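Labels below follow one simple rule: chain letters A, B, ... track the order of the sequence lines, proteins then strands, and each chain is numbered from 1. Since we're looking at a predicted model, the values are computed, not measured.
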Amino acid sequence: MAKTRVRFAPSPTGFVHIGSLRTALYNYLYARNQGGDFILRIEDTDRERFVEGAVENLISVLEWAGLRPDEGPRWGGACGPYFQSERTETYRHYAQELLKKGYAYYSFDTPADIEAMRARAKAAGNPYAKYNFANRMEMRNSLSLPPAEVEEAIADGTPYAIRLLVPEGRKFEVEDEVRGHVVFDSKEVDDQVLLKSDGYPTYHLANVVDDHLMEITHVIRGEEWLSSVPKHLLLYEYFGWQPPKMAHLPLIFNPDGSKMSKRDIQSLEALPPGKVDPDVASYIRRGYEKSAILNCIALLGWNPGEGDDRQVFSLDELVQEFSLGRINKSAAIFDLKKLNWLNKEHIMRRSPESIAAAVRAMPEAEALGEIDQAYLLGVVGLLHERLHFIGDFWRMAGYFFKDPESYEAEALQKRWSPETAPLLQELSREFEAAGVFAAAEIEQALRTVAERHDLKGSLLIHPLRLAVTGLSVGPGLFELMELLGRETVLRRLTLAIKQVPMILGIG
RNA sequence: GUCCCCAUCGUCUAGGGGUCAGGACUCGGGAUUUUCGAUCCCGUAACAGGGGUUCGAAUCCCCUUGGGGACACCA
């Protein structure tokens, strides 16, 4: 059996759409699962839509995601070039072959001619006229014109396109891997332009020719392509080629059911109601874990099946479990809440070392100078489970590296009374006297002082947290103090005992 | 308009003739805790509608409705 070969074939129109990333992911997963090849091919045959830097952007997103192609523009391969714009000779050759076999014909119609034809049809009550067997003999093409006139036009350099000759009364049947049996009637497909008058091929020709030449075995792409399957099937038939297997993926929509559009979004933080950002780069910038994004979109239209309730998957696990047969037919809505939850789950599964490394790479770390690795790992240990984004780390970790410069005003009002300072003073002496400055001993010291004054522990704990961290919330207080160390804690207590009453204007 | 695709909790989904229709996210409640978070319990919530087929339909068939896609010398 032939080696499985799949391709991701985007057109570089600027940004990478979430749906596009999922198509790439499914192709990648299938290739890896089957031990096959994953090919990247750039479909840049529309020079009017060329966007500067789009290819670079695309490749960088793929690399970021870890979906590394086996063949492609950056990676080379036996079937290159992988830019369709560099393969125009090939397409011309195959268009000629079709012409020779009588499966395609020259079309000299100008855009105005076609517009006029459609306008006539519209007036006659057909709003979406096709260029096909019903009217092709009324148009200007090599079927309707006398041979001499055709030759003359070509010799003159009259612009022409090459169109596919679609027969009347044919049925086209596909066995789609996700949709099952689908039938089309040839009266629904028009004499598609294969080669444009600028010499570039249309998607349909280039796609079929390349998929064949690149020995693609499975075409996995969005549902928007389902209705052009008959054209492709006809082309394979005309060329005498074996068509690949097809899998048309369900679409992904906004929460309000609309199409995901870049136009709706200004920033990820200010999403219009019911909308979601389609640009993968936005999520990367926001600091989402790549594994969480991949996990999230993988689940949009696929699941591991009965008896497997797992929601959290690494890329490797997805590769392990993936199959075309478990792809859903119905469109899915992108759910940011679930992405957020998955993001946290993926952070939880990261090792403290990898988080420490990520956190060291951030600019805030640089400002702190030398950071002791064991100490950093200690901080990560305390903060790990409360991180929603790795990027939140330094906002939460400040007091582990610097004495508080201020205290949360509201919490101070609530937790600090005139009796607090003397109590903390007493606590401070207790800490000084303690043998080991570890969580259990710290708590023991605190409970001792509380009992001595017949107070609830919380009456000491809250102001103590404020004094030591400046904040009202955070990890377990005793653990945090142990990590900070006795010296730092005593210093901060002294500082707070002096400053807080001044701030509050008491004592 | 024509053709094609789709239809289970708000969302992602399992289940494909006999299930109390299961899980996850969200939301609500509780437990725990020095706080936040995490965790653990508990709860709310669905087979779009109508016809068939069948002893029996969420499941198979048909229709309706709703949603989506395609109908370019764009991909």
Side-chain angles (χ1 to χ4, degrees), chain A residues 9-13 43-46 48-49 84 107 109-111 114-115 118 122 125-131 159-163 176 178-180 182-185 187-190 192-204 206-207 221-230 248 250-251 253 255 257-259 296 299-312 328-342 344 348 383-388 396 411 415 443 446 456-466 469 471-478:
Chain A
S11 63
T13 51
E43 310 231 332
D44 56 349
T45 56
D46 184 2
E48 284 176 26
R49 293 215 302 180
Q84 289 189 328
S107 158
D109 311 281
T110 63
I114 290 173
E115 210 176 296
R118 297 226 162 91
K122 199 165 186 175
N126 178 5
Y128 289 94
K130 297 206 159 23
Y131 192 128
Y160 63 81
I162 296 175
R163 284 182 183 271
D176 191 273
V178 349
R179 272 149 225 286
V182 185
V183 187
F184 302 87
D185 191 296
K187 70 168 181 279
E188 300 301 332
V189 2
D190 65 0
Q192 181 62 233
V193 167
L194 300 175
L195 206 67
K196 300 181 257 185
S197 55
D198 66 2
Y200 281 82
T202 57
Y203 172 85
H204 308 282
N207 191 261
R221 83 245 278 190
E223 194 193 86
E224 69 270 24
W225 295 110
L226 187 57
S227 44
S228 42
V229 165
H248 287 90
L251 269 13
F253 291 112
S258 61
K259 256 174 115 153
C296 183
L299 257 18
L300 252 31
W302 173 89
N303 71 80
E306 189 179 11
D308 193 340
D309 281 344
R310 282 179 296 168
Q311 306 287 324
V312 185
N328 267 82
K329 294 193 214 325
S330 52
I333 285 172
F334 185 83
D335 184 7
L336 209 81
K337 295 250 175 62
K338 184 134 183 185
L339 204 214
N340 289 336
W341 174 76
L342 280 168
K344 193 152 180 27
M348 296 281 226
L383 258 25
H384 197 161
E385 68 174 25
R386 41 207 340 120
L387 284 173
H388 284 90
M396 299 167 74
R415 305 290 190 188
E443 176 161 15
L446 182 133
K456 274 170 52 181
S458 62
L459 275 155
L460 292 175
I461 287 168
H462 291 291
L464 180 56
R465 176 185 294 280
L466 276 164
T469 71
L471 303 176
S472 61
V473 301
L477 180 60
F478 308 119

*Asks:* With rounding to the closest Å, how many angstrom separate the C1' atoms on rC3(B) and rG23(B)?
*Replies:*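 Pairwise C1' distance, rC3(B) against rG23(B), rounds to 38 Å.
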*Asks:* Whole angstroms only, please: what is the CD-P distance between Gln192(A) and rA70(B)?
*Replies:*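 From Gln192(A) CD to rA70(B) P: 14 Å.
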*Asks:* Does the Asn328(A) side chain pair with the main chain of Ser330(A), one donor and one acceptor, at a distance under 3.5 Å?
*Replies:*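 Absent.
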*Asks:* Please classify the nucleic acid contact of Lys344(A) as base, sugar-phosphate, or nothing, using heavy-atom distances under 4.0 Å.
*Replies:*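 Touches sugar-phosphate only.
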*Asks:* Looking only at atom C1', what distance separates rU44(B) and rC9(B), rounded to whole Å?
*Replies:*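 Taking atom C1' in both rU44(B) and rC9(B), they lie 10 Å apart.
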*Asks:* How long is the line joining CZ of Arg221(A) and P of rG69(B), in whole Å?
*Replies:*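 Whole-Å distance recorded here is 17 Å.
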*Asks:* Measuring from the side chain of Asp46(A) (C-beta onward, heavy atoms only), which nucleotide among rC25(B), rA38(B), rC74(B) has the closest atom?
*Replies:*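 Nearest nucleotide to the side chain: rC74(B).
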*Asks:* Of His462(A) and Leu299(A), whose closest RNA chain B nucleotide lies nearer the 5' terminus?
*Replies:*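 Comparing both residues, the 5'-ward one is Leu299(A).
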*Asks:* Take the protein atom CZ of Arg118(A) and the nucleotide atom P of rA72(B), then report the distance between them rounded to whole Å.
*Replies:*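 Those two atoms, CZ and P, are 5 Å apart.
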*Asks:* Spell out yes or no: do the side chain of Ser197(A) and the base of rC73(B) have one donor N/O and one acceptor N/O closer than 3.5 Å?
*Replies:*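 Side chain to base: pair present.
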*Asks:* Select base, sugar-phosphate, or nothing to describe what Thr45(A) touches, counting heavy atoms under 4.0 Å on all strands.
*Replies:*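 The residue Thr45(A) makes sugar-phosphate contact but no base contact.
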*Asks:* Can you check the distance between rA38(B) and rC25(B), where both ends of the measurement are the P atom (answer in whole Å)?
*Replies:*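 Each nucleotide's P atom is 11 Å from the other's.
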*Asks:* What does Gly307(A) touch in the nucleic acid at a heavy-atom separation under 4.0 angstrom: a base, only the sugar-phosphate, or nothing?
*Replies:*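 Nothing, no heavy atom under 4.0 Å.
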*Asks:* Rounded to the nearest Å, what distance is computed from the CZ atom of residue Arg179(A) to the P atom of nucleotide rC3(B)?
*Replies:*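 One finds 19 Å between P of rC3(B) and CZ of Arg179(A), rounded.
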*Asks:* For rU11(B) and rA48(B), measure between their P atoms and round to the nearest Å.
*Replies:*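 These two P atoms come out 12 Å apart once rounded.
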*Asks:* Rounded to the Å, how far apart are Leu342(A) CG and rU11(B) P?
*Replies:*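 Distance, rounded to whole Å: 18 Å.
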*Asks:* Could you identify the nucleotide paired to rG66(B), looking across every strand shown and requiring Watson-Crick or G-U wobble geometry with both distances under 3.5 Å?
*Replies:*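 Looking at the geometry, rG66(B) pairs with rC6(B).
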*Asks:* Nearest of rC74(B), rU34(B), rG69(B) to any side-chain atom of Thr202(A)?
*Replies:*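 The nucleotide sitting nearest to the side chain is rC74(B).
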*Asks:* Nearest to the side chain of Phe253(A), heavy atoms from C-beta on, is which of rU34(B), rG68(B), rA75(B)?
*Replies:*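 Minimum distance to the Phe253(A) side chain belongs to rG68(B).
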*Asks:* For the side chain of Gln311(A), starting at C-beta, report the closest nucleotide among rG1(B), rA24(B), rU35(B).
*Replies:*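 Among the listed nucleotides, the one closest to the side chain of Gln311(A) is rA24(B).
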*Asks:* Evaluate the side-chain proximity of Thr45(A) to Thr202(A): yes if any heavy-atom separation is below 4.5 Å, no if none is.
*Replies:*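 Of all side-chain heavy-atom pairs linking Thr45(A) with Thr202(A), none is under 4.5 Å.
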*Asks:* In terms of side-chain heavy atoms of Ser227(A), which of rC71(B), rA38(B), rA70(B) is nearest?
*Replies:*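 The nucleotide sitting nearest to the side chain is rA70(B).
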*Asks:* Please identify which of these residues, Glu224(A), Glu223(A), Arg221(A), meets the side-chain hydrogen bond (donor to acceptor under 3.5 Å, both in side chains) condition with His248(A).
*Replies:*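 With His248(A) as partner, side-chain hydrogen bond (donor to acceptor under 3.5 Å, both in side chains) holds for just one option, Arg221(A).
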*Asks:* What integer number of Å spans the C1' atoms of rU39(B) and rU33(B)?
*Replies:*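 Result for the C1' pair: 11 Å, nearest Å.
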*Asks:* Just how far, in rounded Å, is C1' of rG67(B) from CD1 of Ile333(A)?
*Replies:*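 Taking CD1 of Ile333(A) and C1' of rG67(B), I get 10 Å after rounding.
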*Asks:* At under 4.0 Å, does any side-chain N or O of Asn340(A) touch on OP1 or OP2 of rU26(B)?
*Replies:*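 It does not, given that no N or O in the side chain of Asn340(A) lies less than 4.0 Å from OP1 or OP2 of rU26(B).
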*Asks:* Side chain of Trp341(A) only, heavy atoms from C-beta on: which candidate in rU13(B), rA24(B), rU35(B) is closest?
*Replies:*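 For Trp341(A), the side-chain atoms sit closest to rA24(B).
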*Asks:* Ser197(A): which residues meet the side-chain contact (heavy atoms from CB on, under 4.5 Å) condition with it, sequence neighbours left out?
*Replies:*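 So Ser197(A) forms a side-chain contact (heavy atoms from CB on, under 4.5 Å) with Pro159(A).
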*Asks:* Could you tell me the Watson-Crick or G-U partner of rU34(B), where both distances fall under 3.5 Å? Say none if there is no partner.
*Replies:*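 None - no nucleotide pairs with rU34(B), as no candidate has both distances under 3.5 Å.
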*Asks:* So, does Asp176(A) use its side chain to make a donor-acceptor pair with the main chain of Val182(A) at under 3.5 Å?
*Replies:*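 Side chain of Asp176(A) to backbone of Val182(A): no pair is present.
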*Asks:* Check whether Thr469(A) reaches the backbone of Leu466(A) with its side chain - one donor and one acceptor, N or O, closer than 3.5 Å.
*Replies:*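 No: the side chain of Thr469(A) does not pair with the backbone of Leu466(A).
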*Asks:* When you measure from the side chain of Asp309(A), which nucleotide among rC25(B), rG23(B), rG69(B) comes out closest?
*Replies:*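 Of the options given, the side chain of Asp309(A) lies nearest rG23(B).
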*Asks:* Whole angstroms only, please: what is the CG-P distance between Asp335(A) and rG23(B)?
*Replies:*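 Asp335(A) atom CG is separated from rG23(B) atom P by 19 Å.
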*Asks:* Taking atom C1' in both rU8(B) and rA21(B), what distance in whole Å separates the two?
*Replies:*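 Taking atom C1' in both rU8(B) and rA21(B), they lie 8 Å apart.
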*Asks:* Nearest to the side chain of Lys259(A), heavy atoms from C-beta on, is which of rG69(B), rU34(B), rC3(B)?
*Replies:*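 Of all the options, the side chain of Lys259(A) is nearest to rG69(B).
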*Asks:* Give one of base, sugar-phosphate or nothing for Lys456(A), where a contact means two heavy atoms less than 4.0 Å apart.
*Replies:*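 Lys456(A): no heavy atom of the nucleic acid under 4.0 Å.
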*Asks:* Name the nucleic acid region contacted by Pro201(A), choosing base, sugar-phosphate or nothing; use a 4.0 angstrom heavy-atom cut-off, strictly under.
*Replies:*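 It contacts sugar-phosphate atoms only.
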*Asks:* Heavy atoms under 4.0 Å, any strand shown: does Pro475(A) hit a base, just sugar-phosphate, or nothing?
*Replies:*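 Base contact.
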*Asks:* Aromatic rings Tyr203(A) and Trp225(A): how do their planes relate, parallel, tilted or perpendicular, breaks at 30° and 60°?
*Replies:*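 Answer is parallel, since the angle falls under 30°.
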*Asks:* Can you tell whether the side chains of Asp46(A) and Arg49(A) come within less than 4.0 Å, N to carboxylate O?
*Replies:*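 Here Asp46(A) pairs with Arg49(A) in a salt bridge, since their nearest N and O are under 4.0 Å apart.
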*Asks:* Return the pairing partner of rG18(B) with a 3.5 Å limit on both distances, Watson-Crick or G-U wobble; otherwise return none.
*Replies:*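 Pair assignment: rG18(B) / rC55(B).
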*Asks:* Does the distance from a Lys or Arg side-chain N to an Asp or Glu carboxylate O, for Asp335(A) and Lys337(A), drop under 4.0 Å?
*Replies:*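 Here Asp335(A) does not pair with Lys337(A) in a salt bridge, since their nearest N and O are not under 4.0 Å apart.
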*Asks:* Considering only rU34(B), rA14(B), rC5(B), which nucleotide approaches the side chain of Asn328(A) most closely?
*Replies:*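 For the Asn328(A) side chain, the nearest candidate turns out to be rA14(B).
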*Asks:* Do we see Tyr128(A) stacking on the base of rC71(B), given a limit of 5.5 Å between centres and 30° between planes?
*Replies:*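 The base of rC71(B) is stacked with Tyr128(A) (centres under 5.5 Å, planes under 30°).
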*Asks:* Looking at Asn303(A), I'd like to know whether one of its side-chain N or O atoms comes within less than 4.0 Å of OP1 or OP2 on rU13(B).
*Replies:*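 So the side chain of Asn303(A) is outside the cut-off, no N or O lying under 4.0 Å from OP1 or OP2 of rU13(B).
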*Asks:* Classify the nucleic acid contact of Gly474(A) as base, sugar-phosphate or nothing, counting any heavy atom under 4.0 Å across all strands shown.
*Replies:*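 Gly474(A): base contact, heavy atoms under 4.0 Å.
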*Asks:* Base, sugar-phosphate or nothing for Leu477(A)? Non-hydrogen atoms, less than 4.0 Å.
*Replies:*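 The answer is base, as Leu477(A) lies within the cut-off (heavy atoms under 4.0 Å) of a base atom.
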*Asks:* Could you give the distance separating rG15(B) and rG29(B) at their C1' atoms, to the nearest angstrom?
*Replies:*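 The answer is 29 Å between these two C1' atoms.
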*Asks:* Between Lys338(A) and Asp185(A), name the one whose nearest nucleotide on RNA chain B is closer to the 5' end.
*Replies:*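 Its nearest nucleotide being more 5', the pick is Asp185(A).
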*Asks:* Might you confirm whether atom CD of Glu115(A) has over 12 heavy atoms from other residues, nucleotides or ligands at distances under 6.0 Å?
*Replies:*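 No, CD of Glu115(A) has 12 or fewer neighbouring heavy atoms, counting only those of other groups under 6.0 Å.
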*Asks:* Contact class for Val183(A) vs. all strands (heavy atom < 4.0 Å): base, sugar-phosphate, or nothing?
*Replies:*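 Val183(A): backbone/sugar contact only, no base atoms under 4.0 Å.
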*Asks:* State the pairing partner of rU11(B); accept Watson-Crick or G-U wobble contacts with both distances under 3.5 Å, and report none otherwise.
*Replies:*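 Its partner is rA24(B) (Watson-Crick or G-U wobble, both distances under 3.5 Å).
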*Asks:* Hey, does the side-chain of Arg49(A) have a donor or acceptor N/O within less than 3.5 Å of a partner on the base of rC74(B)?
*Replies:*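 Checked by distance alone, the answer is yes.
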*Asks:* In whole angstrom, give me the gap between the C1' atoms of rA45(B) and rU13(B).
*Replies:*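 Their C1' atoms lie roughly 15 Å apart.
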*Asks:* Does a side-chain N or O of Lys196(A) approach OP1 or OP2 of rA75(B) to a distance below 4.0 Å, or not?
*Replies:*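 Indeed, a polar side-chain atom of Lys196(A) lies that close.
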*Asks:* Return the nearest nucleotide to the side chain of Leu226(A); candidates are rA75(B), rG1(B), rC5(B).
*Replies:*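 That would be rC5(B).
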*Asks:* Measure the distance from CG on Asp176(A) to P on rC6(B) and round it to the nearest whole Å.
*Replies:*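 The distance from CG of Asp176(A) to P of rC6(B) comes to 9 Å, rounded to the nearest Å.
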*Asks:* Any side-chain N or O of Arg163(A) less than 4.0 Å from the OP1 or OP2 oxygen of rC73(B)?
*Replies:*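 So the side chain of Arg163(A) is within the cut-off, an N or O lying under 4.0 Å from OP1 or OP2 of rC73(B).
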